[in-house]
Amino acid sequence: MVEGWMYLPAVSASTFVWISGQFVIFASKNFDMSKKGKVLMAMSGGIDSTVAALMLHDEGYEVVGITMKTWDYASSVGVNNKKETGCCNLDSFNDARMAAVEHGFPHFILDIREEFGDFVIENFVDEYLAGRTPNPCVMCNTHIKWRALLKRADAMGCDFIATGHYAQIHQHSNGRYFIRKGIDDTKDQSYVLWGLQQDLLSRTLLPLGTYHKKDIRQMAHDYGYPELAKKNESYEICFVPDNDYRGFLKRRVEGLEEKVQGGYFVDKTGKILGQHKGYPFYTVGQRKGLDIALGKPAFVTQIIPETNTVVLGDEADLNGSNMQVGKINWIKYEGITDGMESLTKIRYKDKGALSNLYTYENGVNVRFYEDVKGIAPGQSAVFYEGEDVIGGGIIQRQPIETT
RNA sequence: UGGGUUAUGGUGUAACGGCAGCACUACAGAUUUUGAUUCUGUCUGUCUAGGUUCGAAUCCUAGUAACCCAA
């Protein structure tokens, strides 16, 4: 069966057929040899990727729109949940498709639920069960989304793939492709792209990297999509549209709640402060939702899955000046020299802090010049040289101190 | 079981007999393509029953409960 694909007829004369695992194109008659090349544009249905698609189209690229279905969201929350989510719902598909049809380029829906679920969701669950704090968007970009796009791009003879991220890609004189921050500092999304490898970067276009969000809004108006311009940003994990990742974990892991409830909150000396709902439901740096009143704000400073213990402290206890980062992907250079200075971000929307980088066997030791707050294992660390991404990796769990 | 102390929101604590306040928690918004953080706002309380007083969280009596000392 042709289960992986849904073909939505758009206006192109091309015919796309799925044959035994391969995507085959039967050449269209009016195949215009576009000077700029053919690009497979990932369209979520939101304002950013829609405008990006139209921009490329206007610039003379032969655009093929594609919307990826990562998750059957009706199954993850109640069906009556009317909340808009940034991707994966029917409205978004329709919005994306409408724009494509109106501007005369084809649009497809690609069902990647299986590969997405196998990797991103399992990784997400595993990480929380390991007492870490994953970033599924980064995982998806790194391992699923770009690979899925490129695979189809190749099958369709596309020169490029494109997304609506606010970031830039340039080629260095050393030959390597690298990511640079988007010029709109408030929207820069280079952080979530640190995992992309050279073969992906060399084929990727990010049309929005040199624009400000307000310009994109204006362009959405100018293109005749005022309602799109008003559309909210998406801001939850795409497979957890009700924004309750704890509930998602409970639904996903049979008997989890019962198994982990009743562990202890302790202070840094090990003194028991109270009981918690289970270590997977907390994250380093968390203050709200602890359900414990100590007269002072309390923050989660450490999660110890082995003993189902959550360590609490005050704000100062979140400070740290070094960390280990693994699963490194170098971007701008093939590697670095020890001691290299880097502006290092430890979370999305982090201003970044200056640090020195020292490589060790499987990763990088980061020493910050000054304390940073809330280093959370599982989160991504991204290294910047000015506006450029040197590389990034995953923050590792610190060895448990036995004091 | 004898003596003493205490009792204020979900928690910890303030209030000379004169509008019950603070912190924490919780909740709601804002922000955010991850989790968090941050910001703004909101709710809830004087153990019970009598008494004194213009007026009681506050003083008196009894009850109840908890804690401490004695045993």
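Letters go in sequence order (proteins before strands), and every chain restarts at 1.
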**Message:** What contact category does Lys187(A) fall into here, base, sugar-phosphate, or nothing, at under 4.0 angstrom with non-hydrogen atoms?
**Reply:** sugar-phosphate
Paired with Phe239(A), the ring-ring contact (aromatic ring centres under 6.0 Å, His included) test is passed by just one of Phe119(A), Phe248(A), Tyr245(A), namely Phe248(A)
With a non-hydrogen cut-off below 4.0 angstrom, is Gly289(A) in contact with a base, only sugar-phosphate, or nothing?
-> sugar-phosphate
Of Asp291(A) and Val284(A), the one whose nearest nucleotide on RNA chain B sits closer to the 5' end is Asp291(A)
Could you tell me whether Leu318(A) contacts a base, only the sugar-phosphate backbone, or nothing, with contacts defined as non-hydrogen atoms closer than 4.0 Å?
nothing
Here the gap from Met219(A) atom CE to His221(A) atom NE2, rounded to the nearest 0.5 Å, amounts to 13.5 Å
To the nearest angstrom, the CD1-C1' distance between Ile395(A) and rA36(B) comes to 12 Å
Here the gap from Leu201(A) atom CG to Asn329(A) atom CG, rounded to the nearest 0.5 Å, amounts to 8.0 Å
Checklist entry - Can Tyr61(A) and Asp159(A) be counted as having a side-chain donor-acceptor contact under 3.5 angstrom? => result no
> Considering only the P atoms, how many Å lie between rU1(B) and rC67(B), rounded to the nearest integer?
Replying inline: 15 Å
Atom OH of Tyr282(A) and atom P of rU34(B) are separated, to the nearest Å, by 22 Å
Answer with base, sugar-phosphate or nothing: what part of the nucleic acid does Val300(A) contact at a heavy-atom distance below 4.0 Å?
nothing
Whole-angstrom distance between rU13(B) and rG9(B), as gauged at atom C1' | 12 Å
From the list Arg132(A), Gln379(A), Lys327(A), side-chain contact (heavy atoms from CB on, under 4.5 Å) partner of Ile394(A) resolves to Lys327(A)
By nearest-nucleotide position on RNA chain B, the 5'-leaning member of Lys145(A) and Leu294(A) is Leu294(A)
Rounded to whole Å, CG of Asp350(A) lies from P of rU34(B) at a distance of 14 Å
Each base of RNA chain B marked ( ) or [ ] if paired in-strand (Watson-Crick or G-U under 3.5 Å), | if paired to another strand and . if unpaired gives .((((((..((((....[..)))).(((((.......)))))....(((((..]....)))))))))))..
message: Between Tyr177(A) and Thr204(A), do the side chains contain a donor N or O and an acceptor N or O under 3.5 Å apart?
response: no
Is Tyr348(A) touching bases, backbone alone, or none of the nucleic acid, heavy atoms closer than 4.0 Å? base
One should read off an interatomic distance between Met41(A) CE and Thr67(A) OG1, to the nearest 0.5 angstrom, of 9.5 Å
Check your understanding: Rounding to the closest angstrom, what is the interatomic distance between rU38(B) and rG4(B) at atom C1'?
Key -> 49 Å
Contacts table for residues 361-378 of chain A: side-chain donor-acceptor under 3.5 angstrom, sequence neighbours left out:
residue: Tyr369(A); atom: OH; partner: Glu341(A); partner atom: OE2; Å: 2.6
residue: Tyr369(A); atom: OH; partner: Asn356(A); partner atom: ND2; Å: 3.3
residue: Lys373(A); atom: NZ; partner: Glu315(A); partner atom: OE2; Å: 3.0

P gap between rA14(B) and rC59(B), integer Å: 15 Å
Rounded to whole Å, CD1 of Ile375(A) lies from C1' of rA36(B) at a distance of 14 Å
query = Has Asn243(A) got a side-chain N or O lying under 4.0 Å from the OP1 or OP2 atom of rU34(B)?
reply = no
Using the C1' atom in both, what is the distance from rC43(B) to rG29(B), to the nearest Å? 15 Å
For this session: Would you confirm whether the ring centroid of His172(A) sits within less than 6.0 angstrom of the ring centroid of Tyr333(A)?
Result: yes
query: What is the nucleic acid contact for Phe299(A), judged by heavy atoms within less than 4.0 Å: base, sugar-phosphate only, or nothing?
result: sugar-phosphate
Item to complete: Between rA36(B) and rA28(B), how far apart are the P atoms? Round to whole Å, please.
Response: 14 Å
When rounded to whole Å, the OH to P distance for the pair Tyr191(A) and rU32(B) reads 17 Å
In whole angstroms, the gap separating C1' of rC24(B) from CG of Leu312(A) amounts to 13 Å
- For this output row, return yes or no: ring centroids of Phe265(A) and Tyr282(A) closer than 6.0 angstrom. yes
Rounded to whole Å, NZ of Lys213(A) lies from C1' of rU32(B) at a distance of 12 Å
When we call it a touch if two heavy atoms are under 4.0 Å apart, what does Arg132(A) touch: a base, just sugar-phosphate, or nothing?
nothing
Winner on side-chain proximity to Gln379(A), out of rG35(B), rA26(B), rC24(B), is rG35(B)
task = Using a 4.0 Å heavy-atom cut-off across all strands, classify Gly374(A) as base, sugar-phosphate, or nothing.
result = nothing
_Work out how far the C1' atom of rC60(B) is from that of rG17(B), and round it to whole angstrom._
13 Å
Distance col, row Gln218(A):CD vs Tyr211(A):OH, nearest 0.5 angstrom, shows 13.0 Å
Considering only heavy side-chain atoms of Ala293(A), the closest of rC24(B), rA36(B), rG35(B) is rC24(B)
Nearest-angstrom distance, C1' atom, rA65(B) to rC47(B): 8 Å
Strictly under 3.5 Å: I want the nitrogen or oxygen pairs between protein and nucleotides 39-43 of chain B, one per line.
none

Atom CG of Leu290(A) and atom C1' of rU11(B) are separated, to the nearest Å, by 14 Å
One should read off an interatomic distance between Ile169(A) CD1 and Leu206(A) CG, to the nearest 0.5 angstrom, of 4.0 Å
